[in-house]
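Beneath this line is the structure, given in structure tokens, with notes to follow.
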Amino acid sequence: MNVDLIFQVAGVGIIVAVLNQLLARAGRDEQALLVTIAGLVAVLFILTQEIGDLFDSVKSIFGL
């Protein structure tokens with residue numbers, strides 16, 4: 001099992017949370033929302049790559 005994926009997602013989450021709090025306290029709520037959305041998109045890209053690899057593995061296992 002690949003734990004690097006968990007650390008990558010957690011790292012992005014921590015960075016996004018810190019930036020979100022900093023921007024929200026500075027009164028820049030719109031930028032905080034954009035940072036949150038950008039973090040979500042980054043995690044979705046990481047996960048779609050891993051899901052693609054999973055499908056490729058399933059194809060090769062079953063010979064499809």
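Index from 1, following the sequence.
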Flag side-chain contact, heavy atom, 4.5 Å: L23 against D29: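 Sidechains of D29 and L23: no contact.
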
Verdict with reasoning, V43 to V16, per side chain to side chain contact (heavy atoms under 4.5 Å, CB included): CA-CA 11 Å; V43 169; V16 166; over 6 Å; no

Considering all heavy atoms, the nearest A32-A24 contact: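 Nearest heavy atoms, A32 then A24: CB-N, 4.2 Å.
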
From [X] atom [atom1] to [Y] atom [atom2], the distance as rounded to the nearest 0.5 Å:
X: I51; Y: D56; atom1: CD1; atom2: CG; value: 12.0 Å
X: I37; Y: N20; atom1: CD1; atom2: CG; value: 10.5 Å
X: D4; Y: E50; atom1: CG; atom2: CD; value: 9.5 Å
X: L5; Y: D53; atom1: CG; atom2: CG; value: 10.0 Å

Joint cluster assignment, V12 & V18, ILVMFWY side-chain distance < 4.5 Å: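 In one cluster with V12: V18, no.
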
Passing candidate, side-chain contact (heavy atoms from CB on, under 4.5 Å) with R28, options Q31, R25, E30: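 Among Q31, R25, E30, the one that satisfies the side-chain contact (heavy atoms from CB on, under 4.5 Å) with R28 is Q31.
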
Result of checking L40, L22, L19 against V35 for side-chain contact (heavy atoms from CB on, under 4.5 Å):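 The passing option is L19.
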
